[in-house]
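Beneath this line is the structure, given in structure tokens, with notes to follow.
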Amino acid sequence: MPRYFLHLRYGRGPDRLAVDEEGDEVPQPTLHAHVEATACDLMRRTRLGAIRDWRHCTFEVKDEGGQVVLILPFSDVPTGR
């Protein structure tokens with residue numbers, strides 16, 4: 001099963017990237033739903049002083065080869081899950 005790395009960008013600039021070193025094994029057909037559910041869960045459960053507004057965050061998802069395969073702005077994530 002392929003492994004994807006969900007790097008969290010908050011704000012602008014290279015120092016505003018939380019690198020996912022571990023990654024998640026996810027079947028490619030369900031990748032978008034997995035990333036969206038992860039973003040929704042973060043917004044619902046996590047309180048970080050460094051992130052004042054989750055809607056300004058983005059997941060930059062890379063495959064094992066380091067290629068960006070998905071960019072998901074948290075502002076595009078449906079609420080109410």
Side-chain angles (χ1 to χ4, degrees):
M1 186 170 318
R3 181 173 296 276
Y4 296 97
F5 300 87
L6 285 64
H7 305 305
L8 176 65
R9 172 137 344 253
Y10 51 101
R12 300 188 192 276
D15 60 330
R16 300 290 189 169
L17 184 68
V19 176
D20 176 7
E21 299 283 345
E22 187 176 314
D24 294 335
E25 288 186 346
V26 182
Q28 200 283 332
T30 63
L31 178 61
H32 191 276
H34 173 77
V35 175
E36 195 173 84
T38 302
C40 188
D41 191 52
L42 279 173
M43 289 188 287
R44 190 175 46 230
R45 298 179 186 205
T46 306
R47 304 289 181 242
L48 297 176
I51 300 176
R52 296 174 195 246
D53 188 347
W54 283 102
R55 292 172 297 166
H56 295 141
C57 294
T58 302
F59 267 137
E60 297 176 5
V61 182
K62 293 186 178 183
D63 63 15
E64 293 173 285
Q67 296 295 312
V68 174
V69 295
L70 175 66
I71 295 177
L72 180 72
F74 281 40
S75 60
D76 289 352
V77 174
T79 57
R81 279 188 160 195

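Computed over heavy atoms, backbone and side chain alike; hydrogens, waters and symmetry mates excluded.
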Which pair of non-hydrogen atoms, one from [X] and one from [Y], has the smallest distance, and what is that distance?
| X | Y | result |
| --- | --- | --- |
| P2 | Q28 | CG-N, 4.3 Å |
| C40 | P78 | SG-O, 4.3 Å |
| A39 | V77 | CB-CG2, 3.9 Å |
| Y10 | A18 | CE2-N, 4.0 Å |

Item to check | For F74, all residues meeting ring-ring contact (aromatic ring centres under 6.0 Å, His included), sequence neighbours excluded | outcome: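 So F74 forms a ring-ring contact (aromatic ring centres under 6.0 Å, His included) with W54, F59.
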Supply the atom-to-atom distance [X] [atom1] to [Y] [atom2], rounded to the nearest 0.5 angstrom.
| X | Y | atom1 | atom2 | result |
| --- | --- | --- | --- | --- |
| F5 | E21 | CZ | CD | 8.5 Å |
| L6 | L31 | CG | CG | 7.0 Å |
| T38 | L8 | OG1 | CG | 11.0 Å |
| H34 | E25 | NE2 | CD | 10.5 Å |

Next on the checklist: Can you confirm whether R3 is buried at CZ, in the sense that more than 12 heavy atoms of other residues, nucleotides or ligands lie under 6.0 Å from that atom?
Outcome noted: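 It does: R3 CZ has more than 12 such atoms within range.
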Checklist entry - So with a 6.0 Å cut-off around CD of E22, is the heavy-atom count from everything else above 12? => result no
Checklist entry - Which of these passes side chain to side chain contact (heavy atoms under 4.5 Å, CB included) with Y4: V69, D20, L70, D24? => result V69
Next on the checklist: Connecting only ILVMFWY residues whose side-chain heavy atoms lie within less than 4.5 Å of each other, what is the rest of V68's hydrophobic cluster?
Outcome noted: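 Its cluster mates, by chain and number, are I71.
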Next on the checklist: Are the side chains of L72 and V61 in contact, using a 4.5 Å heavy-atom criterion?
Outcome noted: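 Counting from C-beta outward, V61 and L72 never come under 4.5 Å.
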Item to check | With H56 via side-chain contact (heavy atoms from CB on, under 4.5 Å) - residues at least two apart | outcome: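 Listed in chain order: D53.
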